[in-house]
Amino acid sequence: MGIMRLVVLVLLAVSFSSCLTLNGKKEKLPKGVEQFKVDLDNDMIAEVVEVTDRFDAQADALVTITKKDKEPSKNKVNTFTVPGRFTKIQFIDLNNNDYKQIVVYYEAKGMLALVIYDIKDNRLSRLFTAESSCGVDGDFDSGLSRVKIGKNKSGTADCSTEQLDTWELWAWSGEKFIKEH
């Protein structure tokens, strides 16, 4: 019986995951919009990170980060775009200091890509960008904080297993990503 209640609670949480609370009311988010609440700067106040897939109009995704203030007119907003179709977002802590970075994965012009941003003192800075027709992946859960970029054999456009030459690895050094040899 306890497992059944847990399943029901999970299903309810999933069904309400696309809802936003505005003035105490549940509002459904528009199609192509995903919203996340996460404390990026370790101040015990969650920022609102909203990703709007503007594939119809701009063929890009807009990422908006809003830091709420008691007075809405003093809210601080940062935005950046990724030039393609949004696929995934992660919030990671590269330095294990409770300050989070934002990793956005996207597809653009036949390429798979990711971009990593840091936000400090309400300013965005790009830490790393990677793209490849063969694949891009981040390994941030293992504690190694690596980005893998698929490389095909020179002169081929084929990224099948037979043609995939290697995975280029970039590791976080504490200040920047450095290519591993």
Side-chain angles (χ1 to χ4, degrees), residues 10 13-14 17-18 29-41 46-65 78-120 123-181:
V10 168
V14 169
S17 66
S18 66
L29 291 172
K31 184 177 180 180
V33 176
E34 292 188 46
Q35 191 175 79
F36 309 88
K37 291 183 180 179
V38 60
D39 184 5
L40 296 171
D41 56 3
E47 284 75 25
V48 177
V49 179
E50 188 171 280
V51 181
T52 305
D53 197 349
R54 303 186 303 183
F55 204 68
D56 293 340
Q58 304 288 334
D60 65 6
L62 175 68
V63 180
T64 305
I65 305 155
N78 280 292
T79 62
F80 63 91
T81 58
V82 292
R85 186 156 175 77
F86 166 77
T87 57
K88 180 171 96 170
I89 193 167
Q90 286 181 296
F91 304 98
I92 61 172
D93 182 359
L94 289 172
N95 295 322
N96 296 317
N97 60 2
D98 293 327
Y99 290 86
K100 296 187 179 49
Q101 291 74 42
I102 303 166
V103 184
V104 180
Y105 297 81
Y106 60 97
E107 297 176 24
K109 298 178 184 173
M111 302 295 270
L112 302 170
L114 67 76
V115 62
I116 303 173
Y117 276 92
D118 194 21
I119 186 165
K120 284 191 180 162
R123 291 186 173 202
L124 278 173
S125 60
R126 188 183 328 202
L127 294 177
F128 190 76
T129 304
E131 66 178 24
S132 170
S133 59
C134 294
V136 174
D137 195 14
D139 177 14
F140 304 109
D141 297 327
S142 68
L144 299 175
S145 297
R146 285 190 174 134
V147 174
K148 301 185 312 182
I149 305 169
K151 298 290 181 182
N152 59 359
K153 292 181 180 175
S154 53
T156 67
D158 183 6
C159 293
S160 64
T161 306
E162 299 82 34
Q163 294 299 318
L164 188 64
D165 189 26
T166 185
W167 286 94
E168 189 176 280
L169 296 176
W170 290 76
W172 180 248
S173 72
E175 294 181 17
K176 62 183 180 178
F177 282 92
I178 298 174
K179 186 176 175 182
E180 292 184 343
H181 297 283

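No side-chain heavy atom of Leu127 sits less than 4.5 Å from a side-chain heavy atom of Lys176. A 4.5 Å side-chain heavy-atom check between Glu168 and Lys179 finds at least one atom pair inside the cut-off. Here the side chains of Leu94 and Phe177 are in contact, with some heavy-atom distance below 4.5 Å. Side-chain contact between Asp98 and Asp93 is present, with at least one heavy-atom pair separated by less than 4.5 Å. Between Ile89 and Val103, the closest side-chain pair of non-hydrogen atoms is not below 4.5 Å. The side-chain heavy atoms of Asp39 and Glu47, taken from C-beta on, include a pair separated by under 4.5 Å. Using a 4.5 Å heavy-atom threshold, the side chains of Leu29 and Glu34 count as separate.
Take Arg123 and apply the side chain to side chain contact (heavy atoms under 4.5 Å, CB included) test, not counting sequence neighbours, and it matches no residue. Here Tyr99 pairs with nothing under the ring-ring contact (aromatic ring centres under 6.0 Å, His included) rule; sequence neighbours left out. Shown here are the side chain to side chain contact (heavy atoms under 4.5 Å, CB included) partners of Thr79, two or more places apart in sequence or in another chain: Leu62, Thr64, Val77. Judged as a ring-ring contact (aromatic ring centres under 6.0 Å, His included), and not counting sequence neighbours, Phe140 has no contacts.
The CD atom of Glu131 sits 4.0 Å away from atom CE of Met111, with the distance rounded to the nearest 0.5 Å. With rounding to the nearest 0.5 Å, the separation of CD1 in Ile178 from CH2 in Trp170 is 9.0 Å.
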### Message
Assess the residue pair Trp172 and Asn95 against the criterion (side-chain hydrogen bond (donor to acceptor under 3.5 Å, both in side chains)); give the C-alpha distance rounded to whole Å, side-chain angles, the decisive distance to 0.1 Å, and a yes or no.
### Response
CA-CA 9 Å; Trp172 180 248; Asn95 295 322; 2.8 Å; yes
### Task
Please lay out, stage by stage, how Asp60 and Val82 fare under the test side chain to side chain contact (heavy atoms under 4.5 Å, CB included).
CA-CA 6 Å; Asp60 65 6; Val82 292; 5.9 Å; no
### Task
Begin with the C-alpha distance, continue with both residues' side-chain angles, and end with the deciding distance and a verdict on side chain to side chain contact (heavy atoms under 4.5 Å, CB included) for Asn78 and Ile119.
CA-CA 9 Å; Asn78 280 292; Ile119 186 165; 3.5 Å; yes
### Task
Dump the intermediate steps for side chain to side chain contact (heavy atoms under 4.5 Å, CB included) on Val115 and Ile102, then the final yes or no.
CA-CA 8 Å; Val115 62; Ile102 303 166; over 6 Å; no
### Arg126 and Ile116: CA distance, side-chain angles, deciding distance, side chain to side chain contact (heavy atoms under 4.5 Å, CB included) verdict
CA-CA 6 Å; Arg126 188 183 328 202; Ile116 303 173; over 6 Å; no
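In this structure, Asp53 contributes its side chain and Ala61 its backbone to no donor-acceptor pair below 3.5 Å. Formation of a donor-acceptor pair under 3.5 Å by the Ser132 side chain with backbone atoms of Cys134 is found in this model. Proximity of a side-chain donor or acceptor of Thr87 to a complementary backbone N or O of Tyr105 within less than 3.5 Å is detected.
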Please report, to 0.1 Å, the donor-acceptor pairs under 3.5 Å made by any side chain of residues 143-150, with sequence neighbours excluded.
{"unit_1": "Arg146", "atom_1": "NE", "unit_2": "Glu180", "atom_2": "OE1", "d": "3.3"}
{"unit_1": "Arg146", "atom_1": "NE", "unit_2": "Glu180", "atom_2": "OE2", "d": "3.0"}
{"unit_1": "Arg146", "atom_1": "NH2", "unit_2": "Glu180", "atom_2": "OE2", "d": "3.2"}

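Here Phe86 and Tyr106 keep their ring centres 6.0 angstrom or further from each other.
Here side chain to side chain donor-acceptor pair (under 3.5 Å) pairs that include residues 107-120, with residues two or more places apart or in two chains, are Gln101-Asp118.
Closest non-hydrogen pair, Gly84 versus Ala108, comes out as CA-CB, 3.9 Å.
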